[in-house]
Amino acid sequence: MVQEDLEAGGLLRRLRWVWISLSLSPEYRATGLLKSGAMKPQDKPLWYNVYEAFPPKYEPCFDRPAPEVKIRKIFYPEDVIRAKFYKRYGSYGTAQLSDQKPRPTVCQLFVKEYEHLQAKGSVPEDQLMQEAALALEAQGIYLDRSRAPVKTESSLEQEDEQQHPEQQLTTIPNIKQVKLEKLSIAEIFKQSQGNESN
Amino acid sequence: MRLPQPVNNTVPGPAMPFSPTTTLNMATLGKKLFILSVRMGRGLWHRGIVSSSNPVQSAVEPLEKLQESSSDAITEQMAKSLKYPDFFKVAELFTVEDLFNARVHLGHREGSLNDHMSQFIFGSRLSHLIFDLDQTATLLREALNFTAHIAFRGGIILFVGRIPQHQVMIENTAKECGEYAHTRYWQGGVLTNSTIQFGSVIRLPDLIIFLHTMNNVIYEHTAIRDAAKMLIPTVGIVDTNCNPNLITYPVPGNDDSAASISLFCNLFKAAILRGKEKRKELLGVH
């Protein structure tokens with residue numbers, strides 16, 4: 001067996017068989033075998049009739065050439081607005097790709113406002129970005145963080161109440177809400193020094 | 001291109017599951033493969049080769065002679081089933097939206113694109129390739145139809161996939177539809193040298209379904225080439241970095257997401273079960 005392999009004729013014969021077996025479709029070879037009598041009719045492969053009735057769209061040959069198809073780049077008209085948005089404000093927030101019905105992202109809302117203003121035509125081109133950002137501020141999304149209202153404790157509570165009205169626990173009116181003040185390290189140091197001296 | 005009709009119209013192949021002449025069939029073969037690949041690994045090559053006194057053949061075993069009347073009726077029915085474009089209604093199993101939700105349209109990046117796959121690509125979004133799901137849907141319907149017909153004729157179907165994340169999913173799919181799976185290390189001679197490797201007459205699978213055409217590394221699975229050599233038709237999910245040329249019924253799509261692989265597994269399982277159901281009706285045998 002090894003000797004046969006080393007023989008040039010044997011190797012070439014095998015290579016030729018491999019080339020034929022891969023460059024011709026299985027059905028072509030099976031037909032050939034059946035016609036020549038090498039494969040008896042009762043040995044006809046199970047898939048032969050099915051393949052005959054439903055041949056594949058592309059014949060399975062090893063040397064089937066790759067059709068020269070240029071891959072088109074997918075771009076939309078809104079991409080110009082998106083590019084401007086991301087350049088100015090970076091990646092704002094996150095999006096879950098696995099969500100089936102996701103909420104619109106900040107970028108999507110921005111694009112919507114921008115296009116709305118563009119369609120109206122009342123705002124000149126160079127101010128469209130600013131106007132769109134202002135429109136989002138009206139909805140509560142502050143792209144320019146410095147313009148965002150400062151969150152004080154009372155406003156935080158108000159926000160909590162607005163967002164989670166059902167989670168508000170009933171407070172007992174007698175007990176005063178003791179608010180812990182932020183102590184600085186210097187004050188703690190002073191206090192401990194005072195204690196030591198006493 | 002019309003092919004010449006074979007002289008004898010009988011459908012060969014072991015149609016009877018209870019044929020007493022069935023030798024080492026794929027069930028025990030599958031078990032053996034699993035045990036050998038898990039316990040012995042590559043040490044199999046050093047096992048003593050068992051030689052049988054009878055001349056060995058790894059082709060499909062000839063059908064046991066049935067009663068003439070029943071076999072004619074069966075073959076007639078099988079020939080009739082080929083006249084319908086979608087006998088098993090596999091087109092109802094999925095929609096393009098299902099493919100989209102399972103993320104089948106997501107390909108790799110332009111750098112790893114195989115030139116043969118460029119015809120199945122819709123476009124590239126910032127160098128991320130997107131499959132054309134209309135083409136995928138057409139080819140998937142073809143593949144499912146073929147699978148169902150093979151199952152209808154009592155063919156042995158082998159699921160192959162070599163990515164560890166989806167191994168268990170593929171094996172479970174095969175179990176649930178009563179077919180076979182090989183998701184472990186593929187020893188070279190499984191198809192081409194089966195009689196010597198397993199030491200007995202082997203019935204090879206009639207269809208191989210590849211959930212992954214690539215191995216762990218950047219090479220194609222050996223079984224693709226070997227199935228082409230042994231005249232076994234193949235169905236395969238081909239990603240943007242795969243070569244679809246040797247696969248009989250390629251299905252361009254994403255083979256890396258668990259969602260897409262699970263969708264494909266379910267679709268193939270459904271097609272096989274439909275084929276088997278019709279077969280049960282036809283044969284009236286459990």
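Just so it is clear, the structure is predicted and the values come from calculations on it, not from any experiment. Proteins get letters first, then strands, A, B, ... in listed order; numbering begins at 1 in each.
Checked by atom type and distance alone, the side chain of B:Arg125 pairs as donor or acceptor with a backbone atom of A:Ile74 at under 3.5 Å. Looking at A:Trp47, its side chain never comes within 3.5 Å of a backbone N or O of B:His149 through a donor-acceptor pair.
In this structure, no portion of B:Leu207 lies under 4.5 Å from any heavy atom of chain A. Neither the backbone nor the side chain of B:Asn114 comes within contact range of chain A; no heavy atoms are under 4.5 Å apart. Using a 4.5 Å cut-off between heavy atoms, A:Leu24 makes no contact with chain B at all. Of the atoms belonging to B:Phe120, it is side-chain heavy atoms, and not backbone ones, that fall under 4.5 Å from chain A. Only the backbone of B:Ile247 comes within contact range of chain A, judged by heavy atoms closer than 4.5 Å. Contacts between B:Glu142 and chain A at a heavy-atom distance below 4.5 Å involve the side chain alone, from C-beta outward. In this structure, no portion of B:Pro250 lies under 4.5 Å from any heavy atom of chain A. Contacts of B:Phe152 with chain A are absent, with no heavy-atom separation under 4.5 Å from either backbone or side chain.
When the shell of 6.0 Å around CD of B:Glu97 is examined, it contains 12 or fewer heavy atoms from other residues, nucleotides or ligands. The 12-atom threshold is not exceeded at CZ of B:Phe122, counting heavy atoms of other residues, nucleotides or ligands nearer than 6.0 Å. Within 6.0 Å of CD on A:Glu137 lie more than 12 heavy atoms contributed by other residues, nucleotides or ligands.
One finds the CZ atom of A:Arg72 at 11.5 Å from the CD1 atom of B:Ile121 (value rounded to the nearest 0.5 Å). Remark: B:Leu231 CG to A:Leu33 CG distance equals 6.5 Å, nearest 0.5 Å. B:Leu126 CG to A:Asp79 CG: the interatomic distance, rounded to the nearest 0.5 Å, is 7.5 Å. Between atom CG of residue B:Leu246 and atom CZ of residue A:Arg64 there is a gap of 9.0 Å, rounded to the nearest 0.5 Å.
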Next item on the list: For the pair B:Tyr249 and A:Lys57, evaluate side-chain contact (heavy atoms from CB on, under 4.5 Å) and give the outcome as yes or no after the intermediate values.
Entry: CA-CA 8 Å; B:Tyr249 295 89; A:Lys57 196 166 175 188; over 6 Å; no
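Here the closest non-hydrogen pair linking A:Leu46 and B:Arg153 is CD1-O, 3.8 Å. Heavy-atom minimum distance, B:Lys229 versus A:Arg29: O-NH2, 2.9 Å. When all heavy atoms of A:Phe54 and B:Tyr84 are compared, the pair lying nearest together is CZ-O, 3.3 Å. Scanning all heavy atoms of the two residues, the minimum distance from B:Ser118 to A:Pro67 falls at OG-O, 3.8 Å.
Considering only heavy-atom pairs separated by less than 4.5 Å from chain B, the leading option among A:Pro65, A:Pro56, A:Ala66, A:Pro26 is A:Pro56. Contact count against chain A (heavy-atom pairs under 4.5 Å) is highest for B:Thr248 among B:Thr248, B:Thr234, B:Thr138, B:Ile130.
In this structure the side chain of B:Asn245 never reaches within 4.5 angstrom of the side chain of A:Tyr58, judged on heavy atoms.
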